[in-house]
Colleague: 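Have a look at this one before I ask anything.
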Amino acid sequence: MAVSFSNLVPRTQLQDSFQSERWFSLPYLVQKSQVNMARTLTIARVMSKTNESLSSLIPELEKGGQEPGEQPQDQRKISDCWREIHGEDDWVGMLDPIDPILRAELIRYGEMAQACYDAFDFDCFSKYCGSCRFTRQKFFQGLGMVDHGYELSRYLYVTSNINLPNFFKKSRWPKVWSKNANWIGYISVSNDELTERLGRRDITISWRGTVTRLEWIADLMDFLRPVSSDKIPCPDPTVKVESGFLDLYTDKDEACRFCKYSAREQILTEVKRLIEKYPNEELSITLTGHSLGGAFALLSAYDIVETGLNVMADSRAVPVSVFSFSGPRVGNVRFKERLELLGVKVLRVVNVHDMVPKSPGLFFNENMPSALMKLAEGLPWSYSHVGVELALDHQNSPFLKQTVDPSCAHNLEAHLHLLDGYHGKGHRFVLATGRDIALVNKACDFLKDHYLVPPFWRQHENKGMVRNHDGRWVQPERPKHDDHPEGMHHHLRQLGLTSDG
């Protein structure tokens with residue numbers, strides 16, 4: 001069912017907008033369709049084409065902006081094809097041209113990763129710097145994401161004792177929420193309504209990455225280390241990942257309330273608990289993250305399957321998929337082969353102009369001749385990407401300006417914008433869902449100036465300061481965060497991750 005453009009913007013209004021200024025691309029004109037995407041996935045399209053007359057655009061816009069030669073709009077339901085969307089067939093035939101349901105799902109999971117940035121307290125002048133700005137119970141409500149259909153299960157923390165000054169955030173004040181912890185992400189579960197639409201109950205693990213500062217790449221370009229050296233039960237000692245990723249994933253500080261358990265222990269115990277909670281349901285485990293969060297998503301997905309945690313009591317294997325955005329390389333070619341053998345499905349969304357997916361392994365990587373890679377296999381700097389890559393190019397978007405700022409090419413909201421406009425190689429850039437282009441400038445300066453969207457516009461009102469009953473401006477106290485759920489030690493014993501009896 002096509003959505004008539006004439007029902008969204010009057011023709012005279014559209015013509016007036018073009019007469020007022022010479023545009024080199026069609027501006028963002030329509031809002032998100034009121035059609036329920038999850039049920040019908042009927043898509044209202046917005047067209048952007050350079051130097052094309054208004055009269056030639058109007059008929060196409062009224063047809064819903066369908067590309068020439070494109071198939072009629074998709075009437076499938078995600079409940080009928082979710083296994084293909086999650087990589088059952090390695091996304092063969094789904095990327096070029098891109099499957100519209102896959103695009104919508106990638107954006108949806110990307111928004112769950114973006115929520116980690118939107119909720120994180122980056123302000124070093126806040127005594128809560130490094131924490132989440134919302135309690136677990138108010139997380140989705142605080143971000144305006146109640147309609148996403150997920151219930152937050154638990155928060156994830158890592159210890160900031162590791163020397164990564166460009167990744168961890170700490171407050172300048174002496175009195176802080178935690179001296180050694182940083183909030184790193186969350187685990188959520190689809191509610192009953194969304195579960196029915198998806199065709200299964202979805203357990204999602206969302207990882208925080210790096211929103212602007214890219215210097216963490218230099219901090220982490222160290223060397224490869226066997227995953228088995230950190231008690232991950234890999235039978236092959238030649239399977240290796242970047243040592244800094246392993247440290248972040250497995251280290252803990254027993255003196256700290258929030259990171260007395262490692263991120264690994266937090267994830268494995270919670271996934272085990274949730275799988276046991278829904279023994280008779282169809283389940284999926286989806287991991288998502290941007291930048292460094294993409295590396296964590298990949299490593300934790302591997303760990304879940306290598307540990308056998310995705311195998312249910314009735315021997316059914318829960319599918320485990322990773323949707324990463326602008327993630328770096330994580331391990332060597334043996335790690336890649338082990339992931340494939342275990343059946344972990346990985347789809348990596350990248351911008352070809354972004355430097356992060358090219359690191360580490362600038363010289364020895366999967367793009368080298370296989371014979372040379374074979375010779376370099378034992379080197380501690382020989383890396384290989386895993387899974388399937390969906391390569392986007394920000395130069396194809398008429399909404400974005402030319403810039404040499406590397407953080408723009410790396411920005412997650414920019415990736416989601418590029419996904420919305422991508423239809424396949426050689427196709428015009430066409431916004432498929434009408435996603436608000438203003439989101440691109442939330443934490444960067446990437447939109448062309450004539451859209452009148454200020455850069456870095458997302459800010460915490462008054463930097464969190466409020467007036468108290470005396471009329472003085474103060475930083476208010478926040479409700480205390482949960483640290484770790486009851487019964488965690490029990491699950492650790494069941495997983496063999498504790499030494500006591």
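Throughout, residue positions are numbered sequentially from 1 according to the sequence presented.
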Colleague: Strictly distance-based, threshold 3.5 Å: is any side-chain N or O of T307 a donor or acceptor partner for the main-chain N or O of I304?
Modeller: no
Colleague: Under the ring pair (Phe, Tyr, Trp, His ring centres under 6.0 Å) rule, what do F429 and Y422 come out as? Steps first, then yes or no, please.
Modeller: CA-CA 6 Å; F429 190 92; Y422 176 78; 9.0 Å; no
Colleague: For the residue pair S384 and K336, what are the closest heavy atoms and their distance?
Modeller: OG-CD, 3.3 Å
Colleague: Charged N to carboxylate O under 4.0 angstrom, D449 versus K401?
Modeller: yes
Colleague: Please step through side chain to side chain donor-acceptor pair (under 3.5 Å) for the pair D230 and T250, ending with a clear verdict.
Modeller: CA-CA 7 Å; D230 284 81; T250 60; 2.9 Å; yes
Colleague: Does R273 come within less than 4.0 Å of E270, counting only side-chain N to carboxylate O?
Modeller: yes
Colleague: Any salt bridge between E477 and K127, counting N to O under 4.0 Å?
Modeller: yes
Colleague: For the side chain of K240 and the backbone of Y383, is there at least one donor-acceptor N/O pair under 3.5 Å apart?
Modeller: no
Colleague: Test side-chain contact (heavy atoms from CB on, under 4.5 Å) on L400 and L418 and set out the steps.
Modeller: CA-CA 10 Å; L400 305 180; L418 295 178; 4.1 Å; yes
Colleague: Please check this pair: side chain of N468 against backbone of W473, looking for a donor-acceptor N/O pair closer than 3.5 Å.
Modeller: no
Colleague: Have a look at W207 and tell me which of W183, F296, F325 forms a ring pair (Phe, Tyr, Trp, His ring centres under 6.0 Å) with it.
Modeller: F296
Colleague: Test side chain to side chain donor-acceptor pair (under 3.5 Å) on H423 and R103; report intermediate values, then the result.
Modeller: CA-CA 9 Å; H423 292 263; R103 180 204 293 112; 3.2 Å; yes
Colleague: Test of understanding: with ring-ring contact (aromatic ring centres under 6.0 Å, His included), list the residues that count as partners of H481, not counting sequence neighbours.
Modeller: Y155
Colleague: Suppose we screen for side chain to side chain contact (heavy atoms under 4.5 Å, CB included). Which residues come up paired with Q141, at least two apart in sequence or across chains?
Modeller: K138, V146
Colleague: Taking only residues two or more places apart in sequence or in another chain, which ones pass ring-ring contact (aromatic ring centres under 6.0 Å, His included) with H415?
Modeller: none
Colleague: Would you say F245 and V330 make side-chain contact, with heavy atoms under 4.5 Å?
Modeller: yes
Colleague: For Y302, check side-chain hydrogen bond (donor to acceptor under 3.5 Å, both in side chains) against everything at least two apart and list the hits.
Modeller: E306
Colleague: Consider only side-chain N and O atoms of T403 and D405, and report whether a donor and an acceptor are under 3.5 Å apart.
Modeller: no
Colleague: Kindly indicate whether the side chain of I85, heavy atoms from C-beta on, has any atom under 4.5 Å from the side chain of D99.
Modeller: yes
Colleague: Mind checking side chain to side chain contact (heavy atoms under 4.5 Å, CB included) for S178 and listing every partner two or more places apart, or none if nothing turns up?
Modeller: A181, C256, F258
Colleague: Before you tell me yes or no, could you show the steps for F139 and Y186 under ring pair (Phe, Tyr, Trp, His ring centres under 6.0 Å), namely the whole-Å CA-CA distance, both residues' side-chain angles and the distance that decides it to 0.1 Å?
Modeller: CA-CA 10 Å; F139 181 81; Y186 62 96; 4.7 Å; yes
Colleague: For V158 versus C259, what's the shortest heavy-atom pair and its separation?
Modeller: C-CB, 4.0 Å
Colleague: Are the side chain of S291 and the backbone of G293 linked by a donor-acceptor contact shorter than 3.5 Å?
Modeller: no
Colleague: Is it true that R133 and D118 have a side-chain N and a carboxylate O under 4.0 angstrom from each other?
Modeller: no
Colleague: Are D303 and Y249 close enough that a side-chain donor and a side-chain acceptor fall under 3.5 Å?
Modeller: yes
Colleague: Excluding sequence neighbours, so at least two apart, what forms ring-ring contact (aromatic ring centres under 6.0 Å, His included) with F323?
Modeller: H86, Y109
Colleague: To the nearest 0.5 Å, tell me how far F223 CZ sits from E242 CD.
Modeller: 8.0 Å
Colleague: What is the distance from atom CG of L143 to atom OH of Y117, rounded to the nearest 0.5 Å?
Modeller: 14.5 Å
Colleague: Is there a donor-acceptor contact under 3.5 Å from the side chain of N332 to the main chain of F335?
Modeller: yes
Colleague: Could you tell me whether D121 and R478 make a salt bridge, using a distance below 4.0 angstrom between a side-chain N and a carboxylate O?
Modeller: yes
Colleague: Could you tell me if the side chain of V453 sits less than 4.5 Å from the side chain of V440, heavy atoms only?
Modeller: no
Colleague: Between Y157 and K260, does a side-chain contact (heavy atoms from CB on, under 4.5 Å) hold up when you go through it step by step?
Modeller: CA-CA 9 Å; Y157 301 92; K260 63 181 179 181; over 6 Å; no
Colleague: In Å, rounded to the nearest 0.5 Å, how long is the span from NZ of K231 to OG of S228?
Modeller: 12.5 Å
Colleague: Under 3.5 Å, which donor-acceptor pairs link side chains of residues 454-465 to any protein atom two or more places apart or in another chain?
Modeller:
{"from": "W457", "atom 1": "NE1", "to": "A438", "atom 2": "O", "distance (Å)": "2.7"}

Colleague: Out of curiosity, L299 CG to I232 CD1, how far, rounded to the nearest 0.5 Å?
Modeller: 5.5 Å
Colleague: Not counting sequence neighbours, which residues clear side-chain hydrogen bond (donor to acceptor under 3.5 Å, both in side chains) with S284? List them please.
Modeller: R200, D202
Colleague: Hey, are E413 and R435 close enough for a salt bridge, meaning a charged N less than 4.0 Å from a carboxylate O?
Modeller: yes
Colleague: So which heavy atom on L156 is nearest to which on Q266, and how close?
Modeller: CA-OE1, 3.3 Å
Colleague: With side chain to side chain donor-acceptor pair (under 3.5 Å) as the criterion, how do H353 and D393 come out once you've worked through the C-alpha distance, each side chain's angles and the decisive distance to 0.1 Å?
Modeller: CA-CA 7 Å; H353 302 285; D393 186 341; 2.6 Å; yes
Colleague: Do S188 and T204 pair up side chain to side chain, a donor and an acceptor below 3.5 Å, judged on atom types alone?
Modeller: no
Colleague: Drop me the distance from L283's CG to R201's CZ, to the nearest 0.5 angstrom.
Modeller: 8.0 Å
Colleague: Check the pair H290 / R208 against side-chain contact (heavy atoms from CB on, under 4.5 Å), numbers first and verdict last.
Modeller: CA-CA 7 Å; H290 168 253; R208 178 177 70 83; over 6 Å; no
Colleague: Are the side chains of I203 and I187 in contact, using a 4.5 Å heavy-atom criterion?
Modeller: yes
Colleague: Less than 4.5 Å apart, any side-chain heavy atom of V320 and any of L287?
Modeller: yes
Colleague: Taking side chain to side chain contact (heavy atoms under 4.5 Å, CB included) as the test, write out the residues that go with K272, two or more places apart.
Modeller: E276, L309, H491, Q494, L495
Colleague: With rounding to the nearest 0.5 Å, note down the distance linking CD1 in I107 to NE2 in H417.
Modeller: 10.5 Å
Colleague: Which residue pairs pass the salt bridge (charged side-chain N to carboxylate O under 4.0 Å, His left out) test when at least one of the two sits in residues 380-389, sequence neighbours left out?
Modeller: R348-E389
Colleague: Quick one: side chain to side chain contact (heavy atoms under 4.5 Å, CB included) partners of S262, sequence neighbours excluded?
Modeller: K252, R264, E265
Colleague: Counting C-beta onward and ignoring hydrogens, is there a side-chain heavy-atom pair between I285 and V271 closer than 4.5 Å?
Modeller: yes
Colleague: Under the salt bridge (Lys or Arg N to Asp or Glu O under 4.0 Å) rule, collect the residues that match up with R154, sequence neighbours excluded.
Modeller: none
